[in-house]
2 protein chains.
Amino acid sequence: MSSLLSRIEQNLNRLSEAERKIGEYILEHPELVPNMTTKDLSKNSGVSESSIVRFCKSIGIGSFKSFKLELVKDITLTGMNLTDFDILQKRDEPYDLFQKVTYVNKAAIEATPASLDRKEFEKAVEILSHADKLMFYGVGGSSTAAIDAYYKFTKLGYQCTTNHDFHFLLSAIPYLTEQSVFFAISMSGKTKDVLELSRFAKSQGATVIAITNIDKSPLYKEADIRLCTPVVEQDFRIGSIPSRMTQLTIIDSLYLSIFHSKGEKVIDKYHKARNEVIRLRR
Amino acid sequence: MSSLLSRIEQNLNRLSEAERKIGEYILEHPELVPNMTTKDLSKNSGVSESSIVRFCKSIGIGSFKSFKLELVKDITLTGMNLTDFDILQKRDEPYDLFQKVTYVNKAAIEATPASLDRKEFEKAVEILSHADKLMFYGVGGSSTAAIDAYYKFTKLGYQCTTNHDFHFLLSAIPYLTEQSVFFAISMSGKTKDVLELSRFAKSQGATVIAITNIDKSPLYKEADIRLCTPVVEQDFRIGSIPSRMTQLTIIDSLYLSIFHSKGEKVIDKYHKARNEVIRLRR
DNA sequence: TTTTATTTGAAATTTAATTTCATAATTTGG
DNA sequence: CCAAATTATGAAATTAAATTTCAAATAAAA
């Protein structure tokens, strides 16, 4: 336990009521405090600003500013940046929401290595390196990942297809072969359209790679390769925001891996495109 | 070597004279700076206080206060934080790349609060809450953020437009008014097409909100509101991957803030759409 | 019950950070 | 080489944050 926080904890009962409130708030959300003003902290802990200043003196630190500096050191040393989703309890002022989003997105990405199976990932890279056509499909929040993947893999020379229109893809699937890959992107793994296209693609001999929550959903069961995203705390305000981050992280990783495995051949073409971008930018 | 100090060191020759003086002083006495005020530091390094503030922005941190906090973290970590470096040094096997991506994405999101200016963010929310039409434009890696924003804000009832086609948007801009907002999304802030559309939109009276790196780019200068993303370590293998994550994080936060500020009115419609999704999913 | 000590927050003050703006220095285009 | 435009800079003004003062409320002691 870090020294400053434990000092606060130990002195908690010796402090006056207002000061104890402050101490309790700090112990709950230490990582938020360094960015706060006295006004913020006074609002959040329900006391006056003057009490904040007195609190600092009570626990032996001369000013609120010094206190914040000490706290940062403490937090940094113990590596406890934004540990709890207590941050979700914050009020919903715009900037609070920004911090909340930052936190959940970071946490979701952090949780990804735990849900993604290494062997499945390597299998996906292996399959992709011999694939010709790729198709990406995701609806709602997952459509962003599909579109992002579409761009990335097109840059690597694959013949890619994606579309929001179910029927459009339906008519393209018959052209898929054993060398093709169908990416089914769905957080829940239950979306009807995604499931139907997956089954159809599979019936054409294509490999179905699912990017879906690690959860025994229909899509999870039916996919050939499962790249699992973590199940993140569902907060109605946050919705599917963090899960899109994890989908993108997986896409990014696949992209880089293929980029790397294709080696020189791609790099040459990639630089051609890149130089053109720079030239056009003037 | 710690990342913030080395970042200062690396950028030293790119800075102007006054800013270089500040950088040099900080590199000499990093441990003193967190307890200093702008006045102290300006006296010690022989420049004006304004230059201090500008210096912070130049090296990619939104305010002097944030800078001091980052510096404390940095100093505290020095010598004990080899893990970051280790990860980036890893070989390029697929799973190594996955870890690398996870790491850089996480780090980028973590760095966002330091680059995003709270006031600018709140200004953006304010403007958006009274806006009618929104237009989003980003090319290359930034197009994902544009498309994602397009979906999100459409769900909130805005009249949204986005397209990859420069000329398509060109023909839509004359319909923008003082109540409209043009989102210019560009990491570098130099992309010609983005700049031209921004200027055109501005000439129509629309507010230009830029989502761009905290860097003195043309877009940074011309925008009405600047939502700055952190300048992340450029690794040629990683490219713009992490910066897209920070763009999305900002979009997410704006979306949630508006969602929240619009309150009941939207929630009702939102649930209608959502229930329909669930029903169709069977 | 009165007096005294303690706790507290509102308002005033002081201090710090940031922005604005005029000027000086530099670069660019003719 | 000069004029125009751009960029860099600090002084002053503004805005925001931290701290102090002080009066009222509460609790403890006489």
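Just so we're on the same page: letters track the sequence lines, and every chain starts at 1.
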Any salt bridge between K73(B) and E70(B), counting N to O under 4.0 Å?
yes
Scan K68(A) against the nucleic acid and name what it touches under 4.0 Å (heavy atoms): base, sugar-phosphate only, or nothing.
sugar-phosphate
When the nearest nucleotide of DNA chain D is assigned to A18(B) and to K65(B) on a heavy-atom basis, which residue is associated with the more 5' position?
A18(B)
What nucleic acid atoms does E49(B) come within less than 4.0 Å of, heavy atoms only: base, sugar-phosphate, or nothing?
base
By the 4.0 Å heavy-atom rule, please label K39(B) as base, sugar-phosphate, or nothing.
nothing
Answer with base, sugar-phosphate or nothing: what part of the nucleic acid does K57(B) contact at a heavy-atom distance below 4.0 Å?
sugar-phosphate
Between CD of E17(B) and P of dT27(C) the distance, given in whole Å, is 12 Å
In plain terms, say whether E120(B) and K123(B) are close enough for a salt bridge, that is, a side-chain N and a carboxylate O under 4.0 Å apart.
yes
With hydrogens left out and only the distance checked, is there a donor-acceptor pair under 3.5 Å joining S50(A)'s side chain and the base of dA10(C)?
yes
Tell me whether E17(A) at atom CD has more than 12 heavy atoms from other residues, nucleotides or ligands lying less than 6.0 Å away.
no
Give S63(A) one of three labels, base, sugar-phosphate or nothing, depending on what nucleic acid heavy atoms sit under 4.0 Å from its own.
sugar-phosphate
Tell me whether the side-chain N/O atoms of S51(B) come closer than 4.0 Å to OP1 or OP2 in dT9(D).
no
Residue whose closest nucleotide on DNA chain D lies nearer the 5' end, K21(B) versus K119(B):
K21(B)
Check this one for me: any side-chain N or O of T37(A) less than 4.0 Å away from OP1 or OP2 of dA17(D)?
no
Tell me whether the side-chain N/O atoms of T38(A) come closer than 4.0 Å to OP1 or OP2 in dA18(D).
yes
Angle class for the Y137(B)/F166(B) ring planes (parallel below 30°, perpendicular above 60°, tilted otherwise)?
tilted
